[in-house]
Protein chains: 2
Amino acid sequence: MSVTIRDVARASGVHISTVSRTFSAPHLVNSNTRSRVLACAEQLGYRPNRAARALITGRTYNIGLIVADIANPFFPPLIKAAESQARKHDHHIFVADTNEDPAVEEELVRALAKQVDGVLVVSPRMSNALIEQLSHEVPLAVVNRQIAGIPGVVMDVAQGARLAIEHLLSLGHTDIALVSGPRGSWTSREIRRSASAAARHKLTVIGPNPPTEVGGLAVAEEVLRAGATAVLAYNDLMAIGLIEGLIAAGARVPQDVSVVGIDDIMLSRLTRPKLTTVATPTAAAGRAAVDMLLALGDQQGDDRRTTAHVHLQTELVIRDSTGPGPGPHSAPGGVAS
Amino acid sequence: MSVTIRDVARASGVHISTVSRTFSAPHLVNSNTRSRVLACAEQLGYRPNRAARALITGRTYNIGLIVADIANPFFPPLIKAAESQARKHDHHIFVADTNEDPAVEEELVRALAKQVDGVLVVSPRMSNALIEQLSHEVPLAVVNRQIAGIPGVVMDVAQGARLAIEHLLSLGHTDIALVSGPRGSWTSREIRRSASAAARHKLTVIGPNPPTEVGGLAVAEEVLRAGATAVLAYNDLMAIGLIEGLIAAGARVPQDVSVVGIDDIMLSRLTRPKLTTVATPTAAAGRAAVDMLLALGDQQGDDRRTTAHVHLQTELVIRDSTGPGPGPHSAPGGVAS
DNA sequence: GACAGTCGTGCAACCGCTTGCATTAATTGG
DNA sequence: CCAATTAATGCAAGCGGTTGCACGACTGTC
């Protein structure tokens, strides 16, 4: 079926090792021989089998990238950045989607394990313990989770959440709701922790919820029942869904309820009202994660204990989905009631 | 580093072939032996190396899925559907993104070739000839392109474009512009062909353009200069960008200009005005494509000539971005001028 | 003209696993 | 009680490559 190194060897009258060297160490073979071999290879349509090569060299030049939900616009920019960074190092990225399912996540890491030089798990839903275990089976780095001993890049959502809450407080909101994310999410816990600390008043936590538009839409009524006048959502997608739900329920945004998202996905600029949100540096995260993973592969075993961690800042982007609350406040240009 | 079949064999006192059979043909090994081997394997943390297995069996249980731009919301539903369909057959999907670059596309097919049981190219940008050639190197199926001899699933965008144009005509539009897509796109050519045929009046073609929001935004002025009162865009993303651009230029949608997209991505329901568009059955396409590819792998070589083609219908979804044009028309409730 | 040093190539083992065949032991039937 | 099955395992070749080592043919040096 497929043409192998042996076919090329036979056609060009040399030993297979010479053919092999023609492709992986050209300087070791005489230029005449080389061109003859290349000609035969070309003519036969020979392509080196990367999997077979990897078996012996241990390098595949592939990187696995696992995300919770490829349909969430948060991920594509990260994926793209990772791809272009990987390309600079001659690597390819293979993306897999877990559908927010931790079991699928584990399965995918294992499936990828021997076919890639390392895997990147973005927004993992697995337990730390499992991640730790998997990291022995394959070089592994995480994004959006901080785990001792596992290299990772995190975006400072705690800071972002604090900024968001402070923004709402300064607008005079006192009843703030937090619409949290999915169960396994480290980010969600961080946000909750930080938001709770920042909110001087009541903070109603609603969740866990699926981190999607419908997840946000579904809690709109609960938000209203809770009497919240401002909401911080786990991500933009939920914030957007929530706004839809609030409007459908007759509430105005931001007049009746202010909504803040997190991520600053492209979509947030397109909805009406435009979403106030916490911008996360996803592209930088993707690049950093790839670098980290490739570095991990190089320093094989020698000094693994110095696990790198990258910490990226976030920032609040104020748009149109937040406005003055009912209480006294000191927003720029705001009016004390 | 990694624990292999040999380690397990040594630990359990059997030959490696017995270990191998324990995992790939359990019924051939005595149940006592089997449980002993499994225990040792478990304890050592043995995981079969799928790549090595594939080298000899020829089956990887992976499928490669190549898309032009993972950030385009058109793709994720298709990818998701493909994943769930693949899962039913115990396969994993690895996604790769080409950034709309035909060269990258070719490179990725080759990189994936020996690591997957087949590759699916969605919305290819390569030439037919190249696809044809690649299909000899790896089982291959395409989506959104019709090529003789290559299995594929297409969505009937020609019909969709016709419906869209007829809708605009019935609203009284006579100056219609077509904002076309990227150069290598079969879909774009189909749309153009069909739209041209359907438009009884002038059809100004603007393009090729990058199939993104900015691609649409960039041609807003050109659309206005051309004097068009209605536009059919290559996809929703462009349509949405275009609307942004039109509004920024002071035109109202749909009062001054009607806009129709294609794809019916989720986003189209969220923008204001909500987008009138041609819905394409992306999930069905993803499923069909996976089935096709797996079927292709089974019938190895024997009767390859009966290449399957799947043809899926599209439909027009009328929302708020289209309205009466300046000319005489017969739209429901419309007024003749 | 003998010697050391290059250069180019072949040989063979090996990466981790599968599989057809041979071998042995246990079981069955006549 | 012996021949014929059957079940369980071992043996070894091989999937498509890579790579350390050995070997022969040149080259240049004194």
Side-chain angles (χ1 to χ4, degrees), chain A residues 1-38 40-41 44-62 110-117 137-138 300, chain B residues 1-38 40-41 44-62 110-117 137-138 300:
Chain A
M1 171 88 201
S2 196
V3 26
T4 81
I5 208 175
R6 273 162 243 276
D7 301 321
V8 179
R10 198 172 313 121
S12 48
V14 298
H15 193 262
I16 58 163
S17 56
T18 301
V19 178
S20 173
R21 280 189 275 257
T22 305
F23 288 94
S24 45
H27 60 280
L28 290 180
V29 15
N30 180 287
S31 62
N32 296 323
T33 318
R34 193 195 313 154
S35 48
R36 185 154 39 91
V37 170
L38 285 175
C40 288
L44 292 172
Y46 168 73
R47 307 285 164 194
N49 182 326
R50 312 175 91 238
R53 174 180 298 181
L55 192 55
I56 195 161
T57 63
R59 293 185 71 58
T60 62
Y61 291 91
N62 296 148
R110 293 235 162 85
L112 280 166
K114 289 300 188 306
Q115 329 200 26
V116 298
D117 292 343
E137 299 180 24
V138 57
Q300 53 225 357
Chain B
M1 172 89 200
S2 197
V3 26
T4 81
I5 210 175
R6 269 165 250 273
D7 301 320
V8 179
R10 199 171 312 123
S12 48
V14 298
H15 193 262
I16 58 162
S17 57
T18 301
V19 178
S20 172
R21 280 189 275 257
T22 305
F23 288 95
S24 46
H27 60 279
L28 289 181
V29 18
N30 180 288
S31 62
N32 297 322
T33 317
R34 194 194 313 154
S35 48
R36 185 155 39 89
V37 170
L38 286 175
C40 289
L44 293 171
Y46 168 72
R47 307 284 165 193
N49 182 326
R50 313 174 88 237
R53 174 180 299 180
L55 192 55
I56 194 162
T57 62
R59 291 184 75 54
T60 63
Y61 290 91
N62 296 148
R110 293 235 161 86
L112 280 164
K114 289 300 189 310
Q115 330 200 25
V116 299
D117 292 344
E137 300 179 23
V138 55
Q300 52 226 356

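Numbers restart at 1 for each chain; the letters A, B, ... are given by sequence-line order, proteins then strands.
Between the side chain of B:Thr60 and the backbone N or O of B:Asp117 there is at least one donor-acceptor pair closer than 3.5 Å. With hydrogens and angles disregarded, no donor-acceptor distance shorter than 3.5 Å links the side chain of A:Arg21 to the backbone of A:Val29.
Rounded to whole Å, atom P of C:dG16 lies 9 Å from atom NZ of A:Lys114. What separates CZ of B:Arg47 from P of C:dG16 is a distance of 17 Å, to the nearest Å. Atoms NE2 (B:His27) and C1' (D:dA7) sit 12 Å apart, rounded to a whole Å. Distance A:Ile5 CD1 to D:dG16 P: 11 Å, rounded to the nearest Å. Atom P of nucleotide C:dA25 and atom CG of B:Asn30 are separated by 16 Å, given to the nearest angstrom. Rounded to whole Å, atom C1' of C:dC15 lies 5 Å from atom CD1 of A:Ile56. In this structure, B:Arg53 places its CZ atom 19 Å from P of C:dC15, rounding to the nearest Å. Remark: C1' of C:dA25 and CG of B:Asn32 are 15 Å apart, rounded to the nearest angstrom.
Counted within 6.0 Å of CZ on A:Phe23, heavy atoms from surrounding residues, nucleotides or ligands total more than 12; the atom is thus considered enclosed.
The shortest distance between side-chain heavy atoms of B:Asn49 and B:Thr4 does not fall below 4.5 Å.
If you check distances only, the side chain of A:Arg6 does reach the base of D:dG17 with a donor-acceptor pair under 3.5 Å.
Residue B:Thr57 places none of its side-chain N or O atoms closer than 4.0 Å to OP1 or OP2 of C:dT18.
Minimum interatomic distance between A:Tyr46 and A:Val3 (heavy atoms only, all atoms of both residues): CD1-O, 3.3 Å. Among all heavy-atom pairs drawn from A:Pro26 and A:Ser24, the shortest one is CD-C, 3.7 Å.
Contacts between residues 14-23 of chain A and DNA chain C, defined by a heavy-atom separation below 4.0 Å, involve A:Val14, A:His15, A:Ser17, A:Thr18, A:Arg21, listed by number.
As judged by a 4.0 angstrom heavy-atom cut-off over every strand, A:Arg34 is placed among residues making no nucleic acid contact.
Partner of B:Arg34 under the side chain to side chain contact (heavy atoms under 4.5 Å, CB included) criterion, chosen from B:Val19, B:Thr22, B:Thr18, B:Val14: B:Thr22.
In the set D:dG17, D:dT9, C:dG16, the nucleotide with an atom closest to the side chain of B:Leu55 is C:dG16.
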